[in-house]
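Reading through the structure tokens given below for one structure.
Every heavy atom of this structure was used, including side-chain atoms; hydrogens, water molecules and symmetry mates were not.
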Amino acid sequence: MLSALLVGKSAVAAERGVTLRIGTSTNLPRRALVPHDLMMVLGNLIDNALDAVAAGPAPDPRVDVDVWAEGDTAVLRVADNGPGVPPDTRPLVFLEGWSAKQPRNGRGVGLTQVQRIADQYNGTVTVGERADGGAVFTVLLPRALAPAAVGTR
């Protein structure tokens with residue numbers, strides 16, 4: 001499912017003139033217990049990043065996606081080289097109905113869903129800034145992956 005989502009988002013990115021880069025360490029070695037949750041989180045983060053860079057002035061718009069496991073925790077990171085999220089706005093982006101996009105009607109639900117899913121897993125969502133500009137969203141979903149089989153890592 002993860003591969004299918006990333007292939008689909010890569011096609012959308014290409015149509016919009018954005019490079020979607022998948023990290024070389026992207027790998028979920030164990031099955032997600034609720035794949036829909038991971039796909040919802042990753043899909044929303046990628047869609048927002050694509051919107052940010054497609055509308056921005058970056059000469060080489062790109063979105064970087066990394067997904068990996070830390071034990072039974074799924075870690076999803078999506079970064080872009082768009083305008084970023086100002087520090088004073090970061091707490092607001094997770095509020096239902098809030099959006100940087102105009103018009104705001106019908107917007108402002110994606111990151112709220114991401115936050116709700118993270119909360120269901122007692123996980124976290126953080127937003128920061130890339131060193132070279134843009135936004136970085138990182139989601140930790142504890143116990144989102146099936147436990148390792150006995151005798152394996």
Side-chain angles (χ1 to χ4, degrees), residues 1-10 12-13 16 18 20-56 61-102 104-149 153:
M1 287 180 74
L2 176 62
S3 295
L5 175 74
L6 293 174
V7 166
K9 295 298 182 184
S10 293
V12 171
R16 297 180 76 180
V18 176
L20 181 69
R21 299 190 308 193
I22 312 301
T24 58
S25 62
T26 292
N27 183 28
L28 285 180
R30 286 183 269 140
R31 184 181 164 130
L33 295 175
V34 184
H36 177 267
D37 289 347
L38 269 64
M39 299 307 106
M40 179 70 76
V41 168
L42 196 56
N44 275 313
L45 294 178
I46 292 172
D47 287 346
N48 284 348
L50 289 173
D51 288 347
V53 298
R62 71 182 184 281
V63 173
D64 298 313
V65 177
D66 293 286
V67 180
W68 69 93
E70 291 181 1
D72 67 352
T73 298
V75 182
L76 303 93
R77 180 171 293 143
V78 176
D80 64 64
N81 65 341
V85 181
D88 60 329
T89 306
R90 291 175 189 167
L92 302 176
V93 299
F94 301 105
L95 298 176
E96 189 165 351
W98 191 92
S99 179
K101 302 170 198 164
Q102 298 296 331
R104 290 188 175 160
N105 294 345
R107 296 191 180 273
V109 295
L111 289 175
T112 301
Q113 289 176 326
V114 168
Q115 183 67 63
R116 285 183 185 148
I117 291 170
D119 290 346
Q120 289 171 358
Y121 286 85
N122 293 318
T124 59
V125 181
T126 57
V127 57
E129 185 175 339
R130 289 174 64 119
D132 59 347
V136 179
F137 283 82
T138 305
V139 180
L140 301 177
L141 300 176
R143 296 175 305 286
L145 303 176
R153 289 184 177 211

Can you confirm whether Leu45 sits close enough to Val65 that some side-chain heavy atom of one is under 4.5 Å from a side-chain heavy atom of the other? no
Atom CZ of Arg21 and atom CG of Leu6: how far apart are they, to the nearest 0.5 Å? 14.5 Å
Kindly state each residue pair satisfying salt bridge (Lys or Arg N to Asp or Glu O under 4.0 Å) with at least one member in residues 128-148, sequence neighbours excluded. Arg62-Asp132, Asp64-Arg130, Arg90-Glu129, Arg130-Asp132
Inter- and intrachain pairs under salt bridge (Lys or Arg N to Asp or Glu O under 4.0 Å), touching residues 65-89, at least two apart: none
Could you tell me if the side chain of Leu28 sits less than 4.5 Å from the side chain of Leu38, heavy atoms only? yes
Of all the heavy-atom pairs spanning Thr73 and Pro142, show the shortest one and how long it is. OG1-CA, 3.4 Å
Hey, does Val78 have a side-chain heavy atom less than 4.5 Å from the side chain of Leu42? yes
Testing the basics here: between Val85 and Ala135, what is the closest heavy-atom pair and its distance to 0.1 Å? CG2-CB, 4.0 Å
Side-chain heavy-atom pair Ile117, Val125 within 4.5 angstrom cut-off: no
Roughly how far, to the nearest 0.5 Å, is the CD atom of Gln115 from the OG1 atom of Thr124? 8.5 Å
Do Phe137 and Val114 have side chains that get closer than 4.5 Å, going by heavy atoms? no
Closest non-hydrogen atoms of Ala118 and Val139, given as atom of the first, atom of the second and distance, are CB-CG1, 4.4 Å
How long is the straight-line distance from CG of Asn48 back to CG of Leu111, given to the nearest 0.5 Å? 4.5 Å
Shortest non-hydrogen contact from Ala69 to Leu145? CB-CD1, 3.4 Å
Less than 4.5 Å apart, side chain to side chain, heavy atoms only: is that true for Lys9 and Asp47? yes
Give the minimum heavy-atom separation between Ala13 and Leu20, together with the two atoms involved. CB-CB, 3.9 Å
